[in-house]
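Here the structure is laid out as structure tokens; the discussion comes afterwards.
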Amino acid sequence: MAEALNLADDRRPAQRQAALELLATLERETPFPGAARIGITGAPGVGKSTLLDALVRSLRPRGDSLAIVAVDPSSQRSGGALLGDRARVRAGANDPGVFIRSMAARDRLGGLAEATRAGVTILSAAFDRVFVETVGVGQSEVEVATLVDTLVFVASPGAGDLLQFMKAGILEEPDIFVVNKADLGALAERTASDLAGGLGLGESAGDGWTPPLLLASARDASGIEELADAITAHFAHLTDSGAIAARRRRGRAAWLIQALESRYGSFGLEQLGGPTSVEARLDEDGSGYATLAALGSEIEEALGKPR
Ligand SMILES: Nc1nc2c(ncn2[C@@H]2O[C@H](COP(=O)(O)OP(=O)(O)OP(=O)(O)O)[C@@H](O)[C@H]2O)c(=O)[nH]1
Ligand SMILES: [Mg+2]
């Protein structure tokens, strides 16, 4: 795993080519639906890492192997050591059934979203569940939503940014809502009712799943079993209803179109026949990575850029 993840991070041309082939093979050949992919998002300091640690302790005894991709936007790498690493996932340190990959945002030459996606693709080939921790600062919710099967939004009491999330319409993405730090009492209940009010919870999104709103305390390990159950139930809902295939396809297509547009602009995307043609190419190929590389070369040729 570590070697594959390092290869995916390697920027040298030969290694990039090898990584592309590996990722495309994994994407096409990993048994479907394979690992459950779960995103844990929320503002800085709401307790995402602490919750993940508690989740590992709760889920691991159920028998599933677990991997975590944790993105720490604040950490700085110095001589190989992570300074100021705030990862709080300590559970499973000596357990081969738990794998944690910590990523420092500042190292990411190829982009954090891309590194995260590669990490999830690789880890999904070997673990039963893959978690991704990302700091929610607006657009990243929408980005991570294209990568995971289940998106968990974590809030904490008194977090003023809740309103900001609501305004940005980002709260439409999550499948599960958690108010962490429930040990803070009335303040947490207040946040939960604010959130419920803002969400209009109880209204199903039309896909037969009503996002639950849970209270938990990662510190006291309360509400963790309920969260683990909700995560399990959401994946079962997706697989039982068959919605998982469409969700993954949609996520992959959204990512591919966005990646092409950010690299080559809407003009470049048009050269390829627009989103519908891109999706058709993706369906034909089966790999988002391979399609991105192939379409990228085509655009560059069409635009006459040196390769
Ligand atoms: N009271 C209380 N504090 C908590 C709880 N969970 C986490 N904390 C504290 O909240 C702080 C932030 O926790 P983290 O788990 O690092 O939060 P995070 O969301 O991962 O933070 P970033 O990765 O920096 O965005 C730490 O000081 C934790 O000890 C909880 O349930 N109750
Ligand atoms: Mg964290």
Side-chain angles (χ1 to χ4, degrees), residues 38-59 66-77 81-93 98-108 112-113 115-116 119-120 123 129-145 147-148 150-162 164-165 168 170-171 173-174 176-192 195 213-228 230-231:
I38 305 122
I40 308 279
T41 187
V46 293
K48 298 177 293 296
S49 301
T50 319
L51 265 179
L52 264 170
D53 184 78
L55 274 173
V56 169
R57 288 172 207 277
S58 161
L59 286 169
L66 311 167
I68 297 172
V69 178
V71 178
D72 189 340
S74 64
S75 67
Q76 286 172 276
R77 210 174 274 269
L82 273 178
L83 296 178
D85 183 10
R86 289 183 292 162
R88 283 170 215 284
V89 186
R90 299 272 173 261
V98 178
F99 188 99
I100 300 171
R101 175 73 162 188
S102 201
M103 292 188 180
R106 316 188 88 205
D107 292 356
R108 299 296 130 187
L112 186 62
T116 309
V120 170
L123 292 166
R129 299 192 206 223
V130 178
F131 288 89
V132 190
E133 177 188 340
T134 55
V135 173
V137 278
Q139 221 23 50
S140 62
E141 254 74 24
V142 181
E143 236 170 63
V144 75
L147 176 62
V148 298
T150 301
L151 185 61
V152 179
F153 178 83
V154 186
S156 75
D161 34 51
L162 211 55
Q164 193 187 313
F165 281 114
I170 279 146
L171 295 184
E173 303 287 343
I176 297 169
F177 292 89
V178 192
V179 175
N180 186 37
K181 309 194 186 182
D183 51 274
L184 298 179
L187 209 53
E189 311 249 332
R190 170 81 198 279
T191 304
L195 190 53
L213 170 58
L214 309 169
L215 274 161
S217 167
R219 199 193 67 182
D220 299 351
S222 75
I224 304 301
E225 292 299 314
E226 289 81 355
L227 176 57
I231 289 169

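Indexing begins at 1, ligand by ligand and atom by atom, following the structure's order.
The N, O or S atom of Glu133 with the smallest distance to the Mg ion (ligand 2) is OE2.
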Under the criterion side-chain contact (heavy atoms from CB on, under 4.5 Å), I'd like the reasoning laid out for Val132 against Thr41: C-alpha separation, chi angles, the key distance, then a yes or no. CA-CA 8 Å; Val132 190; Thr41 187; over 6 Å; no
Take Val56 and Ile68 through the test side-chain contact (heavy atoms from CB on, under 4.5 Å) and record every step on the way to the result. CA-CA 9 Å; Val56 169; Ile68 297 172; 3.7 Å; yes
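Among the backbone and side-chain atoms of Ser49, an N, O or S atom lies under 2.8 Å from the Mg ion (ligand 2).
At least one N or O atom of Gly45, backbone or side chain, sits closer than 3.5 Å to an N or O atom of ligand 1. No N or O atom of Leu51 sits closer than 3.5 Å to an N or O atom of ligand 1. Considering both main-chain and side-chain atoms, Val46 comes within under 3.5 Å of ligand 1 through a nitrogen or oxygen pair. Taking any N or O of Ala216, backbone or side chain, none lies under 3.5 Å from an N or O belonging to ligand 1.
Atom CG of residue Asn180 and atom CG of residue Leu214 lie 11.0 Å apart, to the nearest 0.5 angstrom.
Listed by chain and residue number, Pro157, Lys181 satisfy the side chain to side chain contact (heavy atoms under 4.5 Å, CB included) test with Leu184 (two or more places apart in sequence, or in another chain). Shown here are the side chain to side chain contact (heavy atoms under 4.5 Å, CB included) partners of Ala67, two or more places apart in sequence or in another chain: Phe99, Leu123, Phe127, Val130.
Counting heavy atoms only, Asp183 comes closest to atom 30 (C) of ligand 1 of the residues Val154, Ile224, Asp183.
Contacts between Asp220 and ligand 1, counted as non-hydrogen atom pairs separated by less than 4.0 Å, are absent for every part of the residue. Under 4.0 angstrom from ligand 1, the non-hydrogen atoms of Thr50 come from both its backbone and its side chain.
Residues Glu189 and Leu215 meet the side-chain proximity criterion, which asks for heavy atoms closer than 4.5 Å. Two residues are said to be in side-chain contact when any heavy atoms from C-beta on lie closer than 4.5 Å; Leu66 and Ile100 fail this criterion. Side-chain contact between Leu55 and Ile231 is present, with heavy atoms from C-beta onward closer than 4.5 Å.
Atoms of ligand 1 lying under 4.0 Å from any heavy atom of Ser217, numbered from 1 in the order shown and given with element: 31 (O). Close approach to Pro44 involves these atoms of ligand 1, each under 4.0 Å from a residue heavy atom: 25 (O).
The closest approach between Gly42 and ligand 1 stays at or above 4.0 Å for every heavy atom of the residue.
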